[in-house]
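Notes for the one structure printed next.
Proteins come first, then strands; the chains are lettered A, B, ... in the order of their sequence lines, and each starts at number 1.
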Protein chains: 2
Amino acid sequence: MDNAQLLKGILEGCVLSIIARGETYGYEILQDLEAAGLADIGEGTLYPVITRLDKGGLISCRRAKSPLGPIRKYYSITQAGTQALEDFKARYKAISQSAEKILF
Amino acid sequence: MDNAQLLKGILEGCVLSIIARGETYGYEILQDLEAAGLADIGEGTLYPVITRLDKGGLISCRRAKSPLGPIRKYYSITQAGTQALEDFKARYKAISQSAEKILF
DNA sequence: AAAGCTACTTTGCTTTACCAAGTAGCTTAT
DNA sequence: ATAAGCTACTTGGTAAAGCAAAGTAGCTTT
């Protein structure tokens with residue numbers, strides 16, 4: 001019963017939600033997650049999530065030079081992604097309400 | 001991004017919490033979950049969770065005849081289970097608060 | 001005796017988070 | 001100038017857990 005399992009499924013929605021706030025890139029997303037309290041998310045965890053979202057057409061990608069370091073891949077949410085995010089939020093709300101009814 | 005992933009990790013804590021309310025058995029837990037809104041949890045999903053909790057010493061088991069149908073295995077929470085449930089609740093709260101900060 | 005509810009078990013599958021390591025651009029300090 | 005350190009992304013292997021499907025079986029009702 002570790003945190004990894006609790007995070008499953010939640011992380012993907014959170015990453016999508018962060019991208020929905022405006023164009024951003026992997027490293028910055030990592031910092032946003034950490035700022036929200038989801039610390040200890042490794043790069044090897046985050047980047048596959050991003051790749052999945054991209055392959056699924058929920059976000060789109062654009063390469064651009066960084067003013068500080070190697071090239072960045074900037075991501076924006078797509079229309080399909082916006083829809084998927086709404087669906088996710090609804091499902092999250094339903095499940096978390098059920099869980100809280102049982103737990104507390 | 002289906003419900004299965006969202007449920008991961010949550011289910012085990014919910015089952016433990018239901019058992020914490022008083023001695024109960026598999027089939028009844030299934031109905032309690034459904035009543036709380038966690039429908040469509042199959043037997044093939046629930047019973048492995050129970051087995052895991054039992055093997056981990058978080059619940060204890062007692063066999064008894066059912067007034068209606070085959071023999072039941074009644075489960076009660078152990079002291080270790082009570083502790084584990086408290087830990088789980090704390091971790092769940094932390095993660096769900098982070099998630100909600102990002103999502104809503 | 002057939003149907004249907006109760007009750008638990010088992011097998012194989014898929015998804016996804018994690019760890020570890022690697023590649024590489026750029027800046028700052030010694 | 002070179003080593004350290006931050007930025008930035010990639011890849012490979014592992015383990016956990018929910019799910020579908022099927023099986024076994026006791027008991028009641030029609």
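Thr24(B) places no side-chain N or O within donor-acceptor distance of the main-chain N or O of Ile19(B), the cut-off being under 3.5 Å. Looking at Ser96(B), its side chain does come within 3.5 Å of a backbone N or O of Tyr92(B) through a donor-acceptor pair. Side-chain atoms of Thr78(B) never come within 3.5 Å of backbone atoms of Ser60(B) as a donor-acceptor pair (strictly under, hydrogens ignored). Here the side chain of Ser66(A) pairs no donor or acceptor atom with the backbone of Arg72(A) at under 3.5 angstrom.
Going from atom NZ of Lys73(A) over to atom C1' of dT7(D) covers 16 Å, rounded to whole Å. dT23(C) atom C1' lies 15 Å from atom OH of Tyr27(A), rounded to whole Å. For the pair Ile10(A) CD1 and dA16(D) P, the computed distance is 19 Å after rounding to whole Å. Atom CD1 in Ile41(B) sits about 8 Å away from atom C1' in dG18(D), given to the nearest Å. The separation between Leu46(A) atom CG and dT7(D) atom P is 15 Å, rounded to whole Å. Protein atom CD of Gln5(A) is 8 Å distant from nucleotide atom C1' of dT16(C), rounded to whole Å. A straight line from CZ of Arg62(A) to P of dC9(D) spans 12 Å, rounded to a whole angstrom. Between Asp32(B) atom CG and dA7(C) atom P the separation is 13 Å, expressed in whole Å.
No engagement by Gly42(B) is indicated, since no non-hydrogen atom pair under 4.0 Å with the nucleic acid exists. Residue-level contact check: Ile50(B) touches neither bases nor backbone, having no heavy atom under 4.0 Å from any strand.
Between Tyr25(A) and dC9(D) there is no side-chain N or O to OP1 or OP2 distance below 4.0 Å. Distances shown here put every side-chain N or O of Arg63(B) at or beyond 4.0 Å from the OP1 or OP2 atom of dA7(C). At least one side-chain nitrogen or oxygen of Ser66(A) sits closer than 4.0 Å to the OP1 or OP2 atom of dA8(D). Lys65(B) has no side-chain polar atom (N or O) that falls below the 4.0 Å cut-off from OP1 or OP2 of dC27(D). For the pair Arg52(A) and dA17(C), the criterion of a side-chain N or O lying under 4.0 Å from OP1 or OP2 is met. A close approach under 4.0 Å does occur between a side-chain nitrogen or oxygen of Tyr47(B) and OP1 or OP2 of dC8(C).
Position along DNA chain C of the nearest nucleotide to Ile71(A) versus Lys8(A) favours Lys8(A) as the more 5'-ward residue. Nearest-nucleotide positions on DNA chain D place Pro67(A) closer to the 5' end than the other of Pro67(A) and Thr45(A). For the pair Pro70(A) and Leu11(A), both in contact range of DNA chain C, the more 5′-proximal nearest nucleotide belongs to Leu11(A).
Here dT7(D) is the nucleotide among dT7(D), dA8(D), dA17(C) with the atom lying nearest to any side-chain atom of Gln31(A).
Between Arg21(B) and Asp32(B) there is a salt bridge, since at least one side-chain N of the basic residue sits less than 4.0 Å from a carboxylate O of the acidic one.
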